[in-house]
Amino acid sequence: MVERRIERAKATLRKLFERSTPVCVAWSSGKDSSCCGSLVLTTAAELKTRTPIVFLHADTLVENPEITAYAQGEMEAIRRYAEEHGLNVRIETAVPNLSSTWVTRVIGGRGLPIFPNSKKRDCTVDWKIAPMLRLRKRLMKELGSTTTPPVLITGVRFDESQVRAQRMNKRGESDQVRFDPKLGERRLSLICHWSDSDVWEYLGRARSGEFDGYSNFEETFRIYADSAGTSCAVVADEMLADMGASRACGARTGCWSCCAVGRDRSLENMIAGDPRYAYLAGLNRLQRFLVNSQYDWSRRSPVGRTINDGFIKLQPDTYSPAMLEALLLYCLTLDVEEAEAAAREGRDLRFQILTVDQLIAVDAMWSLYGHHRPFHALHCFRRVYVKGERHHVPQTEPVPRTPLPAPRYVHVGDDWDGGVDWAYAGLRTPELELLGERDCIGTRAVRGKVVMDVVTEELFSVDMESAYLVLDLELERLLAEYHDNPLIPVTEGFKYYVRVGTLTLSPGQVTEHDDILRRTAHKSRHGFVGDGDLENLTARSIGEAEWKRRVAPKPVLPAPAVRRPAAAQLAMF
């Protein structure tokens, strides 16, 4: 049976290669995409074609480290196979925007983890779908500029689940090339009619050497078996499919930081089943800590991020500054201990939670929103990497679910967005403007506000050379002059990064971040930044009923009726 399926798939691929049609393989390293990738490469090798073949991979940057290592090993196998057979193969990896990464979003204080009952589950979109679409769009345009239009090959199957089958039918998925008008690309669901058994039989026979393949797929079988705590990959796949049905993204072995799944059974199975996975315990403990503290309202910031009708809402929102600091210290400790172990054992790092650009992004976000003093994230970095402090994730029990506390409101006025007093509260630096510094020449932004003439790029990003200069040469000075000086406004850290070009904004973010800086400066004057004095804030607040009464729109009275003189009176004039 599987032989007929293989021949049908290869016949379709041969038609593409004979027409010199470039193909892009959506490759996740899972069993289905591995099957597709192997069919593509072995067919290309049989034809000795030089047609371009691109493998597209997505990395969320918080994948289970074992999956990351496994995927990298399989990529090397793909490269070796392509080189041995003279194939024109390249591998491209899509990663999230810096502003969308788990570290910047959660530890930077922009949002909470995606919990099981979260209304919006957009992590898959931000970390996989959107980056992959950007990469595909660029590559499809590049490949189609001088050749026939390329074809995207996916490993989706009708047999995966009833929901998946319904979605595939709606999209018109087929094991023959079709055009997707919504995405504007040609697609091929190469193994859409294959069953789980077909896929495992193909991989197993390639493993034994009966079928040609770019890999022996030993690691594929190991990963599936160990993730389910069993010795059989096929049985494991069935078990993981049941587990994956409850996941927001459907992944069997996904991100170590994922809170949408509750308990990460696959990661726990790996740790419990083999000592080789003991190093994952710290990551799993951090995931459990986040899940267990979902309803611990004391770990949330009580102060809302916006000012509406002159009021700020008091209600548990994103993580509190103290919680953000704790999370950063936990992650830095996990990173430095992994680095120390790697140095002792003479091996590469198995994981790194925070990269340098993410550390700078977190530091900038803390200053932008007023969570901490300027450069406080760098202060935490120094505590762990220079001073030698260690902060381990605590073992916790789940906090019982309780209702979200009722909101209260504090009036702070709505004059944060204008007036001479606030001219330099946003993206402006008066000292350097007076000195005539080139990078601070004002430019007229929307709504008539003057902001710094900052460097802009397509996306929010960090200049790595500048970031390393900050850590290597400027760290102690910045902490002494900004962080340890209570007279320096809390937003000066963000403004410094933008001013010297360490941080680059997109054009649309210039005005947006100018507004946020102004709000943060206004909130700072009212004592609403940092952890704040909750008792004092609550004493100044009003309940929701009173707030609604104050902000309720005033009724519009009808214009008074105009009495027109009668015709007899008009005749008198």
Side-chain angles (χ1 to χ4, degrees), residues 99 104-105 108-112 119-120 297 300-324 364-374 376 404-429 445-452 460 488-495 498 505 508-554:
S99 60
T104 306
R105 172 186 166 83
R110 294 181 54 241
L112 294 169
K119 293 181 179 179
K120 295 179 64 177
W297 306 123
R300 304 283 192 91
S301 173
V303 180
R305 286 170 288 178
T306 59
I307 302 174
N308 294 317
D309 297 310
F311 285 88
I312 290 180
K313 182 165 71 172
L314 299 184
Q315 190 178 41
D317 191 21
T318 54
Y319 283 137
S320 69
M323 177 67 163
L324 297 176
M365 291 300 101
W366 283 5
S367 174
L368 176 68
Y369 289 104
H371 295 310
H372 286 289
R373 295 288 306 150
H376 190 68
L404 186 69
R408 297 188 65 81
Y409 299 84
V410 179
H411 187 264
V412 295
D414 54 8
D415 57 343
W416 59 272
D417 195 27
V420 177
D421 292 342
W422 302 107
Y424 288 97
L427 268 178
R428 296 185 70 180
T429 303
V446 298
R447 297 195 303 275
K449 285 186 287 188
V450 176
V451 298
M452 270 190 269
F460 177 94
I488 298 294
V490 67
T491 56
E492 286 302 308
F494 181 88
K495 294 164 74 170
V498 173
L505 307 179
Q509 287 177 322
V510 174
T511 301
E512 174 191 351
H513 285 68
D514 178 66
D515 285 345
I516 296 173
L517 288 168
R518 291 171 184 272
R519 283 198 299 269
T520 300
H522 190 64
K523 291 162 67 176
S524 178
R525 293 200 176 196
H526 287 270
F528 280 75
V529 296
D531 283 307
D533 183 351
L534 183 58
E535 184 176 346
N536 178 47
L537 296 177
T538 303
R540 295 167 52 191
S541 67
I542 59 176
E544 189 166 26
E546 174 65 13
W547 170 75
K548 287 181 178 179
R549 187 186 67 80
R550 292 196 188 185
V551 302
K554 301 296 184 292

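Annotation: the span from I516 atom CD1 to T511 atom OG1 amounts to 11.0 Å, rounded to 0.5 Å. For the atom pair T104 OG1 and F460 CZ, the distance stands at 6.5 Å (nearest 0.5 Å). We find the NZ-OG1 distance between K523 and T491 to be 12.5 Å, quoted to the nearest 0.5 Å. Note that CE of M365 and CZ of R105 are 13.5 Å apart. Values are rounded to the nearest 0.5 Å. Here I307 contributes atom CD1 and H522 contributes atom NE2; the two are 5.0 Å apart, rounded to the nearest 0.5 Å.
With a 4.5 Å cut-off on side-chain heavy atoms, W366 and R373 do not count as touching. Counting only heavy atoms from C-beta outward, the side chains of R525 and V412 never approach each other to under 4.5 Å. Proximity of R300 to L112: side-chain heavy atoms (C-beta onward) are separated by under 4.5 Å at one or more points.
When all heavy atoms of V490 and T520 are compared, the pair lying nearest together is CG1-CG2, 4.0 Å. Annotation for K313 and P407: closest pair CD-CB, 3.7 Å, computed over non-hydrogen atoms. In terms of heavy-atom proximity, F494 sits nearest to S367 at N-OG, 2.9 Å.
Taking the side-chain contact (heavy atoms from CB on, under 4.5 Å) definition, one finds that P405 meets it with W297, P316, sequence neighbours left out. Under the salt bridge (Lys or Arg N to Asp or Glu O under 4.0 Å) criterion, E512 pairs with no residue, sequence neighbours left out. Residues passing the salt bridge (Lys or Arg N to Asp or Glu O under 4.0 Å) test with D309: none are found, sequence neighbours excluded. Every residue meeting the salt bridge (Lys or Arg N to Asp or Glu O under 4.0 Å) condition with R305, not counting sequence neighbours, appears here in chain and number order: D317. Annotation: side-chain contact (heavy atoms from CB on, under 4.5 Å) contacts of S541 (sequence neighbours excluded): L314, R408, V410, T538. Partners of I542 under the side-chain contact (heavy atoms from CB on, under 4.5 Å) rule, at least two apart in sequence or in another chain, are F311, Y409, E546, W547, R550.
For R518 and D514, the salt-bridge test passes: some basic side-chain N is under 4.0 Å from an acidic carboxylate O.
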